[in-house]
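Letters A, B, ... are given to chains in the order of the sequence lines, protein chains preceding strands, and every chain is numbered from 1. All values below were derived from every heavy atom in this structure, side-chain atoms included, with hydrogens, water molecules and symmetry-related copies excluded. In this text, all values refer to a predicted model and were calculated from it rather than measured experimentally.
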Amino acid sequence: MNSQNRAATPAQDIHHLERQRRENRGKIPAGLDPYGSRLDGIIPLAEAVDRYDEQADQAYQASAAARKAAEKSGDGGVPEVVDERPRVRVAGRVVLHRDNGKLVWINLRDESRDSFQIAVSKRDCDEAGFAVAKATDLGDVIAAEGPLMRTRAGEITVWADSVLPMAKCLVPPPEKRAGLSDVELRYRQRYVDLWATPESMRVFRLRSELVSAARRHLDGLGFMEVETPMLQAQAGGAAARPFITHMNALDIDLYLRIAPELYLKRLLVGGMRRVYEINRNFRNEGLDKQHNPEFTMLELYEAFGDMESVMRITEDLVRALARVAAEHLGAPGARLPFGDLEIDYEKPFDRVRYGDLFERALGFPMSDIDKVRAKAEALGLRVRDEKGEPLDDVFIVNEVFEEAAEPALDPARPTFITHYPAKLSPLTRPNRDDPTLADRADLFIGGMEIAPHYTELNNPDVQAEKFREQLSGIDDEESTFRTFDEDFVRALKVGMPPAGGMGLGIDRLVMLLTDQRSIRDVVLFPLMRPEGLNAGEPGDGRESSE
RNA sequence: GGGGGCGUAGCUCAGUCGGUAGAGCAGUGGCCUUUUAAGCCAUUGGUCGGGGGUUCGAGUCCCUCCGCCCCUACCA
């Protein structure tokens with residue numbers, strides 16, 4: 001079964017450190033597969049620590065000592081050794097290896113614990129297991145079994161009587177104390193980062209728990225989780241550039257979705273009352289600390305609700321998730337560090353009207369358009385469109401708003417910005433009392449836009465008109481992917497109940513709740529330029545420059 | 001797109017004014033049955049990201065390409 005040992009890599013191409021590891025693999029006793037096989041009953045390392053029984057350990061030590069003393073005195077009547085220490089079977093990556101000759105100390109790591117010690121003694125372990133322990137390299141995956149004891153130095157340890165190889169690590173691992181700090185390697189080889197950098201594993205474990213908790217929370221509110229198309233003939237629901245692909249069977253171009261919105265609303269038409277989807281969106285735009293081309297979005301819609309009702313859902317949800325994260329830090333409540341900030345999710349979130357925030361930050365109202373334009377010029381902002389035409393007032397206002405007012409928010413206070421100008425949100429339902437305002441509220445936390453909320457438009461005629469307005473004045477490139485969604489208007493004609501909707505950027509929320517500054521540190525496999533395609537072609541530099 | 005920075009052993013990093021490439025960890029050989037960043041002795045390991053240039057001489061200076069990071073811009 002050990003055919004894998006003889007994988008045909010030419011010897012001269014193998015790095016000497018890998019060759020050495022291949023040789024060490026060969027030292028594993030015949031009859032044991034270096035790549036192991038199914039092993040039941042393995043418990044997490046953290047649980048092994050919990051199972052330690054102080055009394056049983058002391059009773060064992062005492063009875064072993066008594067037996068030894070009796071043997072020594074030779075008076076007969078040697079007592080039985082009482083060993084009721086709990087036995088455990090554990091497995092993990094070898095992160096430390098101290099070979100004392102006839103006693104080998106190995107520290108394992110798994111998802112649950114950074115380090116857990118096993119001792120492999122020539123006297124007490126079976127022969128093959130001892131040989132495995134001697135041949136073990138840092139980074140190997142092994143399993144061990146034995147009683148739980150405490151060493152003289154006080155560390156809870158498995159005193160192994162059996163050790164089994166589970167997987168050889170042929171690639172030399174990162175430095176044992178510094179771990180992997182090269183960010184490029186961490187992203188490209190996440191499989192190394194996860195085991196070699198405990199902090200990285202913690203972030204992704206917490207991310208998983210947060211997403212689970214979000215589902216539980218929403219399910220508890222009577223929401224139904226659904227899945228809608230990622231391959232779409234029209235990329236709607238947002239104003240981003242989509243990725244394009246081709247379907248051979250129908251010979252049509254398809255787009256990777258930029259948002260699930262228009263499909264989720266169709267479900268409200270069909271009669272679903274509360275729906276949500278947690279899934280990937282794809283946007284063919286720039287990469288930075290807050291943007292990955294594929295990112296995870298939670299969108300939810302509540303029939304017979306509105307912006308206010310979904311704002312309440314979001315606030316409760318975010319607070320519940322913050323509590324999960326705080327529990328991980330061993331802190332009660334929901335106060336979490338984010339860089340230099342401490343963000344308090346427990347107190348009611350702040351609310352500020354768009355216009356009020358503008359006036360508070362700038363010192364004059366947004367209606368004072370002369371001052372707004374002067375400020376825009378002073379800030380060096382864009383005041384004309386691509387064709388050189390002056391931008392509409394409301395867009396200038398928004399440029400100034402984003403440049404000068406948004407940063408005036410307290411980043412440590414989760415804040416909803418409400419009452420956006422209607423012209424900024426062309427697809428949103430205008431406010432019933434003041435049609436110049438849109439029923440839209442954006443949640444900001446830590447200086448990041450986390451979640452927009454809307455009272456959804458459900459009048460098919462208004463929707464059709466909005467689509468038409470949006471399509472007028474787009475350029476050729478945009479027109480290839482921005483189209484009028486006839487079917488969506490037809491759905492609205494069937495009748496969609498009034499509704500509130502929300503979209504929450506899961507990656508950004510996870511950044512906040514795990515205190516990570518880059519989206520790449522909360523995405524397991526962030527997009528990277530592929531390795532080795534054009535790297536270092538001889539002479540390519542000179543040729544392309546001349 | 002614009003600007004700045006970085007790239008040296010498997011990993012983490014030094015490398016002075018341009019003068020024969022260094023450390024720790026890891027690895028290898030040896031000793032060691034309570035170590036825990038184990039220890040002690042010995043020791044292997046380099047396309048200094050690729051290419052070109054200047055120079056008697058380049059890890060170091062210049063050009064260029066590749067990759068990554070940061071800032072900025074774009075992004076409902």
Expressed as a whole number of angstroms, how long is the span from [X]:[atom1] to [N]:[atom2]?
X: A:His16; N: B:rG10; atom1: NE2; atom2: C1'; result: 7 Å
X: A:Leu185; N: B:rC69; atom1: CG; atom2: P; result: 12 Å
X: A:Arg186; N: B:rC69; atom1: CZ; atom2: P; result: 12 Å
X: A:Asp182; N: B:rG49; atom1: CG; atom2: P; result: 13 Å
X: A:His97; N: B:rG39; atom1: NE2; atom2: P; result: 14 Å
X: A:Glu23; N: B:rU28; atom1: CD; atom2: C1'; result: 10 Å
X: A:Asn24; N: B:rG29; atom1: CG; atom2: P; result: 7 Å
X: A:Gln20; N: B:rU28; atom1: CD; atom2: P; result: 4 Å

- Query: Should the pair A:Asp137-A:Arg25 be classified as a salt bridge under the 4.0 Å nitrogen-to-oxygen rule?
  - Reply: no

- Query: Of A:Ser518 and A:Tyr454, whose nearest nucleotide on RNA chain B comes first from the 5' end?
  - Reply: A:Ser518

- Query: Given that A:Val183 and A:Leu138 both sit by RNA chain B, which one's nearest nucleotide is further toward the 5' end?
  - Reply: A:Leu138

Tell me, please, whether [Y] has [X] positioned over its six-membered ring: NZ or CZ under 6.0 Å from the ring centre and within 45 degrees of its axis?
X: A:Arg85; Y: A:Tyr60; result: yes
X: A:Arg190; Y: A:Phe525; result: no
X: A:Arg266; Y: A:Tyr263; result: yes

Please determine, for the side chain of [X], which listed nucleotide ([options]) has the closest atom?
X: A:Asp137; options: B:rU35, B:rU12, B:rU28; result: B:rU28
X: A:Glu155; options: B:rU34, B:rU35, B:rC69; result: B:rU35
X: A:Leu180; options: B:rC69, B:rA38, B:rU12; result: B:rU12
X: A:Arg188; options: B:rA38, B:rG27, B:rG67; result: B:rG67
X: A:Glu175; options: B:rU33, B:rU35, B:rC25; result: B:rC25

- Task: Mind running a 4.0 Å heavy-atom check of residues 283-291 of chain A against RNA chain B and sending the residues that fall below it, in number order?
- Result: A:Glu285, A:Asp288, A:Lys289, A:His291

Report yes or no: is there a donor-acceptor pair, N or O only, under 3.5 Å between the side chain of [X] and the base of [N]?
X: A:Arg98; N: B:rU35; answer: yes
X: A:Gln117; N: B:rU35; answer: yes
X: A:Thr151; N: B:rU35; answer: yes

side-chain N/O [X] vs [N] OP1/OP2, d < 4.0 Å:
X: A:Arg529; N: B:rG67; result: yes
X: A:Ser181; N: B:rC13; result: yes
X: A:Lys176; N: B:rA26; result: yes

Between [N] and [M], how far is it from one [atom1] atom to the other, in whole Å?
N: B:rG10; M: B:rU44; atom1: C1'; result: 13 Å
N: B:rA42; M: B:rG18; atom1: P; result: 36 Å
N: B:rG46; M: B:rC11; atom1: P; result: 14 Å
N: B:rG24; M: B:rA14; atom1: C1'; result: 11 Å
N: B:rG49; M: B:rG59; atom1: P; result: 10 Å
N: B:rC41; M: B:rG57; atom1: P; result: 43 Å
N: B:rG22; M: B:rC63; atom1: P; result: 29 Å
N: B:rU12; M: B:rC74; atom1: C1'; result: 37 Å

[N] - base-pair partner by Watson-Crick or wobble geometry, distances under 3.5 Å:
N: B:rC68; result: B:rG5
N: B:rU34; result: none
N: B:rA58; result: none
N: B:rA42; result: B:rU28
N: B:rC75; result: none

What nucleic acid atoms does [X] come within less than 4.0 Å of, heavy atoms only: base, sugar-phosphate, or nothing?
X: A:Glu184; value: sugar-phosphate
X: A:Ala240; value: nothing
X: A:Leu96; value: sugar-phosphate

- Item | A:Tyr420, A:Phe416, A:Tyr301 screened by ring-ring contact (aromatic ring centres under 6.0 Å, His included) with A:His453, the one that passes | A:Phe416

Exercise: do [X] and [Y] side chains pair donor with acceptor under 3.5 Å:
X: A:Arg257; Y: A:Asn281; answer: yes
X: A:Arg429; Y: A:Asn459; answer: no
X: A:Asp439; Y: A:Tyr454; answer: no

- Query: Can the ring centres of A:Tyr354 and A:Phe401 be said to be less than 6.0 Å apart?
  - Reply: yes

- Query: Would a 4.5 Å heavy-atom cut-off, applied to side chains only, mark A:Leu256 and A:Arg283 as touching?
  - Reply: no

